[in-house]
Amino acid sequence: MKKGKFYRLLTTGAAACLAAGLLFFSGPASSQAAGVQKIVFKVGEKSYFVDENAFSMDASPFISQGRTYVPLRYLALALGVDNKDIQWNNGTKSVLLARNGVQVGLTVGSKIMLVNGQARDMDVSPVIEDGRSYLPARHVAEALGYRVEWNAAARTVLVQPAVPAESGSGDTGTLGRVVVQGNLVNVRSGPGLQYEVLAQVNNGDRLTVLGKVPDWYKVQLPGGGTGWIVAWYVREEGPPAGSGDSPVPGAPGDDTSRGMPEGRPQPGDDGSAGGEDASQQPQEQEQGPALSSIDVDPAGDVTRVKVTAEGAMTCNIFRLSSPERLVVDLTGVRPGNIPLENAVGTEAVNKLRVGWFSRDPDVTRLVFDLNGPVRYRSSLSADGKTLVMEIYIPSPGDILQDVVIAIDPGHGGPDPGALGNGLREKDITLRIARRVAGLLSEQGARPLLTRDGDYEVGLYERADMANRAGAEIFVSIHINANVNPSVQGTATYILSPAGGGDPGRREESRKLAGYIQAQLVKRLGLENDGVLEANFAVLRTSTMPAVLVEVAYISNPREAALLTQDWFIEEAAQGIVQGIADYLHQRWG
């Protein structure tokens, strides 16, 4: 049996090891919490209130880094999470909470929270104090569908439901309507990208809202039936005329909420720019700098784009496929008077669409509809006011030129990884990764090492670095281990279906894994363990084709001896690089 990885997903069916001080205790039953109107935690007090009922705690909330922290289990139970749906893993210091179809995963020391498999940034991370785990109350409560208010004078956190509870099956009561803000937007069977696509809707379609969880609306489909649509591809129209109801609290556009998702934009579901159309965008007299111009210059085979803004902006670029699109999110600026759609008509780019993706902060999204896979170069000026991009189709001889490839050396710092025969996994993976990066650079690629030394990198930070850099490929490098020292071989992993995500990305990952596995087996001469599937976090949270390579077994004496040899490290690196090149050649035809 292969070693347990820190990258494995915590699931509700997995065996959980409770940390010290996190034993089960009596608290509000989920049936009570489901209909609560008010939950109150007070800093320094060892009791909390669910409506008017008081419950005791053996630890008290405290404030750190401007956030109120509440003991994990008390916060979860108060929010209506059943004991059975609180899964703590002492090895990874991670917890998975599940309530009403929403799964929230957090890890001590990590500022990334997973909500239904989608990564969301936090400004603080869970902590352990005196052997007890504490969670930031606001982030967790909002992820589970609540709204949170802080009373500084009373030093209390007030938690209330963000939307009225659905009645019966959820299909009888309505919460107004939403208008679709993109074309070919998926409607899924549940609130997450891992759920089946039931239908697709288009820009301007109006859908009746039956319920809401963080980042997702439950809607009535035009042809009958119900499904879930991601929140940032719709705008709220409000309740039916004459109903007297107010807009749904916590929905996009509501002044009492944070509006659009507070985390980074999540590529992975279909749709266009996601911003509201010109008739629905906020008036331009609102504060904040706007875009000044977008100039497109079709210079030969290269499409040159120059974006200027009134103020500083930051840039995040990533790809979407089926169809091929290049997405540019500009944080800190509004669209201003830029046209919402621009015909381009070059060899690489068909058209450019512009939308106001979110507010607070302002994010303007540019979507380049492509004529096929492309490469790009980008440069942001020192003052952050000018972005220059070059988009082009590479020639066959430049298959690696300008490709951003994330190389992830497993483990690091206090986490040595697998140990065996006097070796540490973290040392070997770094040696191989550095050589891979060097070979890629020699061929014109732009490698990104998630770590370039013996230091710790957070569980979700690795894929997050690749996502933010717009990497085209993600390769995580590991060394395997087994309690049986005779077990041997090379394997390459892709994300299993249990990890959800886009099926197209899984298929591309499978192709990439096949090419890398073939090269490694050919060059290293080890047993072929094949292309395997697993629900590793780095594969699940990356947005590009991603694989995890297990080069050899550190627990096998013969393979451990090979891992100390320079020629073996070189062949492993050459195999990974050639596998990447083979994959890109077939992709570009």
Side-chain angles (χ1 to χ4, degrees), residues 1-9 91-92 407-412 415-437 439 450-451 454 462 473-496 498-499 509-539 546-583:
M1 186 175 73
K2 295 181 178 174
K3 66 174 181 171
K5 291 282 186 180
F6 288 134
Y7 296 105
R8 296 196 192 280
L9 169 71
T92 59
I407 304 299
D408 173 45
H411 309 281
D415 173 17
L419 303 173
N421 295 292
L423 303 177
R424 301 184 299 184
E425 180 180 6
K426 67 174 183 178
D427 301 327
I428 304 168
T429 60
L430 184 59
R431 284 189 66 195
I432 297 173
R434 282 174 168 168
R435 184 57 184 144
V436 169
L439 291 169
T450 61
R451 70 176 177 95
D454 186 17
R462 299 169 185 261
I473 289 171
F474 181 96
V475 178
S476 188
I477 300 174
H478 288 257
I479 309 299
N480 223 330
N482 194 285
V483 293
N484 182 353
S486 66
V487 175
Q488 58 186 321
T490 298
T492 305
Y493 284 84
I494 66 168
L495 182 65
S496 67
S509 298
R510 185 179 299 279
K511 293 177 183 177
L512 172 63
Y515 284 109
I516 291 177
Q517 179 70 10
Q519 285 292 334
L520 286 174
V521 170
K522 174 183 175 181
R523 291 169 178 271
L524 301 181
L526 303 183
E527 183 177 318
N528 186 357
D529 288 343
V531 174
L532 306 176
E533 297 180 347
N535 200 357
F536 296 143
V538 289
L539 304 182
V547 300
L548 186 148
V549 177
E550 297 277 11
V551 175
Y553 276 84
I554 201 171
S555 52
N556 180 285
R558 185 179 75 89
E559 293 189 0
L562 292 173
L563 289 166
T564 65
Q565 302 296 311
D566 290 343
W567 72 264
F568 189 86
I569 298 298
E570 178 69 18
E571 288 298 322
Q574 292 277 2
I576 291 171
V577 172
Q578 188 58 54
I580 292 172
D582 291 345
Y583 164 75

Trainee: Look at the side chain of Glu559 and the backbone N and O of Ala552, then say whether any donor-acceptor pair between them is shorter than 3.5 Å.
Mentor: no
Trainee: Measure the NE2-OH distance between His478 and Tyr493 for me, rounded to the nearest 0.5 Å.
Mentor: 11.0 Å
Trainee: How long is the gap from OG on Ser555 to CG on Asn480, to the nearest 0.5 Å?
Mentor: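 With rounding to 0.5 Å, OG (Ser555) is 7.0 Å from CG (Asn480).
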Trainee: Where is the tightest heavy-atom contact between Arg451 and His411, given as atom of each residue plus distance?
Mentor: NE-O, 2.5 Å
Trainee: Indicate the atoms forming the closest heavy-atom contact of Ala513 with Ile494, along with that distance.
Mentor: CB-CG2, 3.5 Å
Trainee: Between Asn556 (side chain) and Pro485 (backbone), is there a donor-acceptor pair under 3.5 Å?
Mentor: yes
Trainee: Quick one: pull up CG in Leu520 and OG1 in Thr490 and give me the separation to the nearest 0.5 Å.
Mentor: 6.0 Å
Trainee: How long is the straight-line distance from CZ of Arg510 back to OH of Tyr515, given to the nearest 0.5 Å?
Mentor: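 Interatomic distance, Tyr515 OH to Arg510 CZ, rounded to 0.5 Å: 14.0 Å.
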Trainee: Indicate whether the side chain of Gln517 and that of Thr492 have a donor and an acceptor atom separated by less than 3.5 Å.
Mentor: yes
Trainee: Nearest 0.5 Å, what's the CZ-CG distance between Arg424 and Asp427?
Mentor: 4.0 Å
Trainee: Before giving the answer on side chain to side chain contact (heavy atoms under 4.5 Å, CB included), spell out for Ile569 and Ile428 the whole-Å C-alpha distance, their side-chain angles and the decisive distance to 0.1 Å.
Mentor: CA-CA 8 Å; Ile569 298 298; Ile428 304 168; 4.1 Å; yes
Trainee: Taking side chain as C-beta onward, heavy atoms only, is Ile477 less than 4.5 Å from Ile576?
Mentor: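 Ile477 reaches Ile576 side chain to side chain.
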Trainee: Measuring only between side-chain heavy atoms, which start at C-beta, is Val475 closer than 4.5 Å to Ile580?
Mentor: yes
Trainee: Using 4.0 Å as the upper bound for N to carboxylate O, is an ion pair formed by Asp454 and Lys426?
Mentor: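 Salt bridge: yes.
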Trainee: Side chain to side chain contact (heavy atoms under 4.5 Å, CB included) for Ile554 and Leu419? Distances and angles first, verdict last.
Mentor: CA-CA 7 Å; Ile554 201 171; Leu419 303 173; 5.9 Å; no
Trainee: Taking all atoms of both residues into account, what is the closest heavy-atom pair of Ala481 and Ala418, and its distance?
Mentor: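 In this case the closest contact between Ala481 and Ala418 is CB-CB, 3.7 Å.
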Trainee: For Gln519 and Gly579, which heavy atoms make the closest approach, and how far apart are they?
Mentor: CG-N, 3.8 Å
Trainee: So which heavy atom on Asn484 is nearest to which on Asn482, and how close?
Mentor: N-OD1, 2.8 Å
Trainee: If you define the side chain from C-beta out and look only at heavy atoms, does anything of Arg435 sit under 4.5 Å from Ile432?
Mentor: no
Trainee: Say you draw a straight line from CD1 of Ile516 to OG of Ser509; how long is it, rounded to the nearest 0.5 Å?
Mentor: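 If we round to the nearest 0.5 Å, Ile516:CD1 and Ser509:OG are 10.0 Å apart.
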Trainee: Apply side-chain hydrogen bond (donor to acceptor under 3.5 Å, both in side chains) to Gln574 and Glu570, showing your working.
Mentor: CA-CA 6 Å; Gln574 292 277 2; Glu570 178 69 18; 2.8 Å; yes
Trainee: Mind listing the closest non-hydrogen atom pair of Asn421 and Ala560 along with its distance?
Mentor: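 Minimum heavy-atom separation between Asn421 and Ala560: ND2-CB, 3.6 Å.
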Trainee: Could you check if a side-chain atom of Leu526 sits within less than 4.5 angstrom of a side-chain atom of Arg558, using non-hydrogen atoms only?
Mentor: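 When only atoms from C-beta onward are counted, Arg558 and Leu526 do touch, with a gap below 4.5 Å.
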Trainee: In terms of side-chain geometry, is the basic nitrogen of Asp582 or Lys511 positioned less than 4.0 Å from the acidic oxygen of its partner?
Mentor: no
Trainee: Mind checking whether Leu430 and Arg434 have side chains closer than 4.5 Å, heavy atoms only?
Mentor: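 Heavy-atom side-chain distance check passes, below 4.5 Å.
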Trainee: Do Phe474 and Ile407 make a side-chain contact, defined as non-hydrogen atoms from C-beta onward lying under 4.5 Å apart?
Mentor: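 Heavy-atom side-chain distance check fails, nothing below 4.5 Å.
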Trainee: Quick check: do Val551 and Phe568 have side-chain heavy atoms less than 4.5 Å from each other?
Mentor: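 The answer is yes; the side chains approach within 4.5 Å.
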